[in-house]
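These notes are about the structure you will find just below.
Whatever order the structure lists them in is the order used to number ligands and atoms, beginning at 1.
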Amino acid sequence: MLDRREFLQLLSSGILATALPSGMLSAKSLPVLSRVIPKTGESIPMIGLGTSRTFHVDVNDSVEMQKRLAVVRALLSTGGMIDSSPMYSNAEEVIGKCLDKLTKERVDEKLFSASKVWSVNTQAGIREYAESEKLWREKQFDLMYVHNLLNWEEHLKTLQAYKQEGRLRYLGITTSHRRRHAEFQKIMKEQDIDFVQFSYSIANRLAEEKLLPLAQEKEIAVVINRGFQTGHLFKRVEGKPLPEWAKDIQVESWAQFMLKFIISHPAVTVVIPATSNPEHMLENMAAAKGPMPDNKMREEMVRYFESVAS
Ligand SMILES: NC(=O)c1ccc[n+]([C@@H]2O[C@H](COP(=O)([O-])OP(=O)(O)OC[C@H]3O[C@@H](n4cnc5c(N)ncnc54)[C@H](OP(=O)(O)O)[C@@H]3O)[C@@H](O)[C@H]2O)c1
């Protein structure tokens with residue numbers, strides 16, 4: 001959350017975001033922490049945006065579209081990552097419309113674009129990629145993954161070729177299923193990939209055992225999905241107070257508690273919480289500022305979460 005001083009700074013710098021709903025602010029002046037992408041040394045903000053479910057809206061519904069526009073505008077003020085996939089209904093179309101609108105408004109903000117190939121068929125994957133380029137209006141994706149390891153041998157060959165041609169900058173693989181972890185690790189060891197994406201949260205720490213250390217060893221950037229377990233974790237702590245010591249790391253909400261836990265792991269590069277709510281976007285971005293918990297406090301965070309969560 002913004003404190004009073006930051007609020008006044010934003011007011012005086014004129015960064016009141018015109019496209020945000022009444023009273024909402026751009027987080028432009030927030031020092032959102034970045035991490036380095038190991039393969040290139042490029043910096044990337046640690047808070048990105050997922051679009052599964054939250055961006056499945058009718059593009060003709062102006063009220064819903066305004067909300068997504070405000071979410072994207074806030075995120076882009078830091079140059080963050082937007083993550084999508086052809087699997088997510090019409091989310092890529094919604095993203096494209098938002099980006100188009102921001103371009104027309106001459107909003108000159110950076111974007112780190114990330115989508116996926118999601119098909120059992122190689123040629124269908126190639127067509128899908130072209131369709132994603134069209135929907136996002138992207139000539140060069142920053143990152144393209146093989147979604148859920150589907151037909152990964154073939155799609156990785158295509159993505160390698162596209163990378164050579166300059167049609168994308170980074171490539172990777174994703175999963176959110178623990179049953180795919182063994183195969184996932186094998187690919188991380190044997191293939192030349194830049195990014196991996198998998199699930200990790202304060203209530204699901206399986207990745208700490210193999211995936212996160214392996215990513216560090218192989219110098220692969222890590223993007224975390226399901227940091228809130230698709231929102232389920234909020235229900236588990238509903239009505240429960242944060243610990244008194246949360247203020248020592250400038251945590252003011254359960255969302256920030258859970259996000260700070262994730263991004264304070266040294267192998268994590270970016271977390272991509274999904275949201276349809278501009279206020280949640282700002283709240284999530286603010287998790288990547290201020291002090292981070294050390295190892296001792298991370299353990300304490302897990303103990304506290306387990307003691308209060310239902
Ligand atoms: N295999 C794969 O490649 C794979 C698998 C799973 C996910 N993903 C990616 O990872 C992204 C994130 O995972 P996810 O969509 O499963 O969900 P998630 O990020 O764990 O949770 C999203 C939910 O949290 C709520 N939320 C967000 N910020 C909040 C806040 N500050 N306070 C309260 N509620 C908040 C959202 O509701 P509001 O809209 O109300 O904010 C939404 O319902 C996906 O969208 C997708 O891009 C990839």
Side-chain angles (χ1 to χ4, degrees), residues 1-2 21 24 27 47-57 64 67-68 70-72 74-75 80-92 94-95 112-119 132 136 143-150 152 155 171-181 183-184 187 193 195-204 207 211 222-240 242 251-263 268-288:
M1 295 288 186
L2 298 174
M24 286 296 302
I47 302 289
L49 171 67
T51 56
S52 173
R53 285 171 293 272
T54 48
F55 269 55
H56 304 186
V57 291
E64 291 303 321
K67 281 205 249 168
R68 275 45 180 205
V71 168
V72 172
L75 190 265
M81 172 188 290
I82 300 183
D83 178 273
S84 197
S85 169
M87 188 193 187
Y88 305 155
S89 182
N90 69 329
E92 292 191 297
V94 173
I95 293 166
F112 193 100
S113 54
S115 195
K116 304 177 192 113
V117 179
W118 175 66
S119 176
S132 294
W136 285 69
L143 168 60
M144 188 60 76
Y145 303 96
V146 179
H147 197 149
N148 281 346
L149 305 187
L150 217 55
W152 68 265
H155 293 322
L171 55 84
I173 51 172
T174 77
T175 189
S176 52
H177 304 296
R178 60 176 62 207
R179 68 173 188 281
R180 309 305 295 270
H181 279 197
E183 189 181 7
F184 204 82
I187 301 170
I193 50 177
F195 273 80
V196 282
Q197 186 192 129
F198 48 77
S199 307
Y200 177 53
S201 72
I202 196 160
N204 169 19
L211 294 184
V222 173
V223 176
I224 297 299
N225 62 42
R226 299 210 165 139
F228 301 139
Q229 294 190 351
T230 318
H232 175 67
L233 294 186
F234 292 109
K235 295 194 181 80
R236 293 188 57 194
V237 291
E238 204 173 346
K240 304 287 167 52
L242 287 166
V251 158
E252 294 178 9
S253 67
W254 276 109
Q256 293 179 348
F257 190 89
M258 295 189 250
L259 290 174
K260 274 215 174 181
F261 175 79
I262 293 168
I263 62 177
V268 171
T269 315
V270 178
V271 59
I272 46 166
T275 184
S276 55
N277 181 332
E279 290 190 38
H280 286 171
M281 188 71 247
L282 291 174
E283 179 185 351
N284 296 347
M285 286 159 68

- Is a side-chain donor-acceptor pair under 3.5 Å present for Glu92 with Ser132? yes

- Message: Under the criterion side chain to side chain contact (heavy atoms under 4.5 Å, CB included), I'd like the reasoning laid out for Phe198 against Ile224: C-alpha separation, chi angles, the key distance, then a yes or no.
- Response: CA-CA 5 Å; Phe198 48 77; Ile224 297 299; 3.8 Å; yes

- Interfacing atoms of ligand 1 (cut-off 4.0 Å, heavy-atom, Ala255): 30 (C), 31 (N)

- What residue and heavy atom of the protein are closest to atom 28 (N) of ligand 1, and at what distance? Asn284 ND2, 3.1 Å

- Message: Among all protein heavy atoms in this structure, tell me which lies nearest to atom 10 (O) of ligand 1, with the distance rounded to 0.1 Å.
- Response: Asn225 CB, 3.1 Å

- Item | Option among Ser176, Ser85, Ser115, Ser119 that satisfies the side chain to side chain donor-acceptor pair (under 3.5 Å) test with His147 | Ser85

- Query: Is it the side chain (CB and beyond), the backbone, both or neither of Leu233 that lies under 4.0 Å from ligand 1, heavy atoms counted?
  - Reply: neither

- Message: Suppose we measure from atom 21 (O) of ligand 1 to each protein heavy atom; which comes out shortest, and what is that distance?
- Response: Gly231 N, 3.3 Å

- Task: Mind checking side chain to side chain contact (heavy atoms under 4.5 Å, CB included) for Leu150 and listing every partner two or more places apart, or none if nothing turns up?
- Result: Trp118, Val120

- Using atom types as modelled and distance alone, determine if a side-chain donor or acceptor of Lys116 lies under 3.5 Å from a backbone N or O of Met144. no

- Message: Less than 4.0 Å from atom 45 (O) of ligand 1, is there any heavy atom belonging to the protein?
- Response: yes

- Note on the structure: Going by the 4.0 angstrom heavy-atom rule, the piece of Ile272 near ligand 1 is both

- How far is atom 39 (O) of ligand 1 from its nearest protein heavy atom, and which residue and atom name does that atom have? Ser276 OG, 2.6 Å

- Query: Does any N or O in the side chain of Gln256 come within less than 3.5 Å of the main-chain N or O of Glu283, such that one atom is a donor and the other an acceptor?
  - Reply: yes

- Message: Under 4.0 Å from a heavy atom of Pro273: which atoms of ligand 1 are those, numbered in the order shown and with their elements?
- Response: 19 (O)

- Query: Taking heavy atoms and a distance under 4.0 Å, where does Arg226 meet ligand 1: side chain, backbone, both or neither?
  - Reply: both

- Measure the spacing between CG of Asn284 and CD of Glu279 and express it to the nearest 0.5 Å. 11.5 Å

- Closest approach of any protein heavy atom to atom 30 (C) of ligand 1, naming residue and atom: His280 CG, 3.4 Å

- Considering only the protein, which heavy-atom contact is closest to atom 17 (O) of ligand 1, and what is its distance? Thr230 CA, 3.4 Å

- Message: If you apply the rule salt bridge (Lys or Arg N to Asp or Glu O under 4.0 Å), what do you find for Glu64 with Lys67, and how did you get there?
- Response: CA-CA 5 Å; Glu64 291 303 321; Lys67 281 205 249 168; 3.8 Å; yes

- Between Asp83 and ligand 1, is there a nitrogen or oxygen pair with a distance under 3.5 Å? yes

- Task: Give a yes/no on ligand 1: does Lys116 have at least one heavy atom closer than 4.0 angstrom to it?
- Result: yes

- Which atoms from ligand 1 have a heavy atom of Gln197 less than 4.0 Å away? 2 (C), 3 (O), 4 (C), 8 (N), 9 (C), 48 (C)

- Item | Within reach of ligand 1, part of Ser176 (heavy-atom separation under 4.0 Å) | both

- Would you say Arg180's side chain and Asn148's backbone share a donor-acceptor pair under 3.5 angstrom? yes

- Select one of side chain, backbone, both or neither to describe which atoms of Thr54 lie under 4.0 Å from any atom of ligand 1, heavy atoms only. side chain

- At what distance is the nearest protein heavy atom to atom 3 (O) of ligand 1, and which residue and atom is it? Thr174 OG1, 2.8 Å

- For Thr275, the ligand 1 atoms whose distance to one of its heavy atoms is below 4.0 Å: 27 (C), 38 (P), 39 (O), 41 (O)

- Query: What heavy-atom pair brings Leu49 and Leu75 nearest, and what distance separates the two atoms?
  - Reply: CB-CG, 3.9 Å

- At what distance is the nearest protein heavy atom to atom 1 (N) of ligand 1, and which residue and atom is it? Asn148 OD1, 2.8 Å

- Mind checking what makes side chain to side chain contact (heavy atoms under 4.5 Å, CB included) contact with Ser52, not counting sequence neighbours? Tyr88

- Note on the structure: One finds that the ligand 1 atoms under 4.0 Å from a non-hydrogen atom of Glu283 are 31 (N)

- Considering all heavy atoms, the nearest Val270-Gly48 contact: CG1-N, 3.9 Å

- Message: I want to confirm something. Looking only at heavy atoms, which of Ala274, Pro278, Ser52 is nearest to atom 27 (C) of ligand 1?
- Response: Ala274

- Query: Can a non-hydrogen atom of Tyr88 be found less than 4.0 Å from any atom of ligand 1?
  - Reply: yes

- Message: Taking 4.0 Å as the limit for heavy-atom contacts, which would you say applies to Phe234 with ligand 1: side chain only, backbone only, both, or neither?
- Response: side chain

- Query: How far apart are the closest heavy atoms of Leu233 and Ala203, and which atoms are they?
  - Reply: CD2-CB, 3.7 Å

- Item | Under 3.5 Å donor-acceptor, Asn225 side chain and Ser199 backbone | yes

